[in-house]
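I have placed the structure first, in the form of structure tokens, so that the comments after it can refer back to it.
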Amino acid sequence: MRILLLIIWFTLKVHYVQGEPGILKTKYFDTDIKDFATKEYCIGYSSFETPLPKLAKEPEFRPLLDRTDTDLCKTPSNAAQLKGTLVAVLRGNCTFVNKGLIAQKAGANGTIVVTDSAVIAPSMNESVKIPVVLLTAEDHRDIIRKAGNNKLVQGVLYNPEVPQIDWNLLVIWLMAVGTIAIGGYWCGVTAYRQAKLQRKRERATAVQASGIQQSTCNSDSSEEEDVTEEEEESVTITPVIVLIWVCMIFAVLLLLFFFYDYVVYVVITLYCIGACNGMHQCLAPIGRKIIPWKQRLPPNKVPFLSTRPTIVSVILALGSIAFVACWFVYRHEDFAWILLDTLGICFCISILRLIRLKNFKTCFLLLGLLFIYDIFFVFITPLFTKDGKSVMVEVATGGDGAKEQIPVLLVVPRLSHSAFSVCNMYSMLGFGDILVPGLLVGYCHTFDFKVQSRKIYFISSCIAYGVGLVITFVALALMQTGQPALLYLVPCTVLTVLMIAAIRGEVAHLWHGQVKSDHHVL
């Protein structure tokens with residue numbers, strides 16, 4: 001199950017939500033405060049043919065005319081009512097150009113098409129001089145409610161300047177760097193403890209074979225219990241497994257691209273399982289420290305409980321299930337990103353603790369193949385798709401009209417005011433851009449124990465990852481398009497680790513994951 005989840009997580013990378021959003025700012029009389037109030041709504045429009053002003057100036061407000069009794073596919077009998085208004089009509093079966101031309105001929109200042117589907121940029125041409133925008137039916141109903149009995153609402157269409165750098169990138173940076181630092185550190189410590197315990201077992205076996213009795217102190221037995229019962233055995237990845245992984249990642253991405261509406265529910269189900277397990281794995285050490293109570297469940301035949309876990313572990317598991325259920329129920333709400341990111345961080349940390357790469361050769365192979373994979377599906381696939389869109393971007397964002405989104409991402413909404421923030425559009429970082437370099441960081445910390453360094457490889461790889469992520473964000477700001485993060489993360493981390501190894505004269509040891517002396521801890 002963990003391996004299948006990893007394949008899906010590695011499928012997705014970093015991207016911004018693409019589109020042409022704008023803002024409909026409405027003004028109405030609020031009877032509660034006895035004064036005029038304003039509210040903004042997300043719209044979709046074509047910025048090439050009908051660009052919107054950057055500011056919502058008071059003189060540009062126009063009466064909002066509700067004509068959702070018609071689709072404006074033909075000229076209405078009372079067309080004179082449309083003059084000087086922003087007219088709201090139904091989607092219907094005719095083209096946006098047809099609606100725009102009819103409204104333009106009647107003297108309307110703009111056309112608002114109310115739709116039950118997702119808000120996208122309508123297809124227009126140069127013959128339409130007034131803006132034609134899309135508005136969701138839910139937002140339209142909210143506008144009608146705000147109007148009340150007087151039915152008087154004014155509106156203006158505009159699109160404020162979007163800052164190149166948003167503060168939400170800092171939030172993503174802190175979450176990503178913190179995740180790989182904690183996960184990589186935990187990976188090295190777990191490897192150290194398991195290797196130390198294994199050496200003790202080997203010595204005990206040798207002593208027993210020689211017929212000498214040796215007592216075992218309570219601290220040793222306690223440590224053994226912690227490692228064997230509370231921490232899962234790590235999974236060591238070999239080059240053969242890496243090759244199989246990459247092939248399966250390729251297949252999963254194509255399945256998501258061609259059958260997104262069906263496969264997305266499978267991914268959500270697997271995500272719930274993995275996130276629940278990941279949160280429990282992260283909370284378990286904290287729970288043992290806070291509540292050092294090792295009382296176990298009585299003997300039973302209940303599935304998943306027959307192994308008699310500790311009562312504290314059961315309580316944490318129930319709490320994790322409740323947290324995941326809360327995200328699932330409220331996953332479409334504005335605050336759901338906080339729940340999603342919390343679960344995602346816990347899952348990534350648990351995976352980085354569990355998965356261990358055998359040597360730097362395996363790290364190099366994994367990062368190199370996914371480096372090529374990332375570039376291909378972001379930059380090359382637009383040359384082959386019908387609409388010229390990236391396969392990776394389409395899968396990460398769900399494409400136009402998607403009701404569900406792949407949850408294996410860290411997402412943070414825009415913090416500065418713009419159409420992106422009004423439309424609840426997020427900056428995203430795929431789990432793959434955390435887990436892939438994070439596995440290298442975990443290996444570096446493990447190697448630090450082998451050569452008994454002062455965590456030089458671990459600290460250097462964490463810093464290199466942070467720098468690579470900053471370079472990725474700068475590229476996003478300059479190019480204003482989704483970027484393959486591994487294009488920047490892989491060279492930064494790999495070259496930094498190799499440079500440190502070269503300075504210390506440990507390249508061969510790093511590459512093979514072994515040291516000549518047998519006196520090291522691992």
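The first residue in the sequence is number 1, and the count goes up from there.
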Exercise. Which is it for Arg454 and Ile456 under the side-chain contact (heavy atoms from CB on, under 4.5 Å) test, yes or no, and what are the steps along the way?
Worked result: CA-CA 5 Å; Arg454 296 184 177 180; Ile456 181 65; 5.9 Å; no

Tell me whether [X] at atom [atom1] has more than 12 heavy atoms from other residues, nucleotides or ligands lying less than 6.0 Å away.
X	atom1	value
Tyr185	OH	no
Tyr262	OH	no
Tyr41	OH	yes
Tyr330	OH	no
Phe328	CZ	no

For this session: Give a yes-or-no answer on whether the side chains of Tyr260 and Glu404 include a donor-acceptor pair shorter than 3.5 Å.
Result: no

In the structure I gave you, are the side-chain heavy atoms of [X] and [Y] within less than 4.5 Å of one another anywhere?
X	Y	result
Phe371	Pro491	yes
Gln514	His509	no
Phe360	Leu440	yes
Trp245	Ile237	yes
Met279	Leu343	yes
Phe323	Thr342	yes
Leu410	Ile434	yes

Exercise. Can you list the steps and then say if Leu253 with Ile249 is a side-chain contact (heavy atoms from CB on, under 4.5 Å)?
Worked result: CA-CA 6 Å; Leu253 184 64; Ile249 290 169; 5.6 Å; no

Counting distance only, does the side-chain N/O of [X] pair as donor-acceptor with the main-chain N or O of [Y] below 3.5 Å?
X	Y	value
His280	Ser313	yes
Ser461	Phe458	yes
Trp186	Leu352	no
Asp166	Leu415	yes
Tyr465	Ser460	no
Lys358	Thr236	no
Asp341	Val411	yes
Ser453	Phe449	no

Exercise. Which pair of heavy atoms, one from Tyr443 and one from Gly513, lies closest together, and at what distance?
Worked result: OH-CA, 3.3 Å

Problem set entry | Phe347 ring center within less than 6.0 Å of Tyr271 ring center |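 No, ring centres 6.0 Å or more apart.
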
Exercise. Are Cys282 and Cys346 within a span of less than 2.5 Å, counting SG to SG?
Worked result: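 Not so, these two cysteines form no disulfide.
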
Problem set entry | Residue pair Phe377, Phe250: steps toward the ring pair (Phe, Tyr, Trp, His ring centres under 6.0 Å) verdict | CA-CA 10 Å; Phe377 279 106; Phe250 186 97; 5.2 Å; yes

For this session: Identify, with sequence neighbours excluded, every residue that meets disulfide (SG to SG under 2.5 Å) alongside Cys492.
Result: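 With sequence neighbours excluded, Cys492 shows a disulfide (SG to SG under 2.5 Å) to no residue whatsoever.
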
Exercise. Of Ile23, Leu24, Asn159, Leu157, which meets side chain to side chain contact (heavy atoms under 4.5 Å, CB included) against Tyr45?
Worked result: Asn159

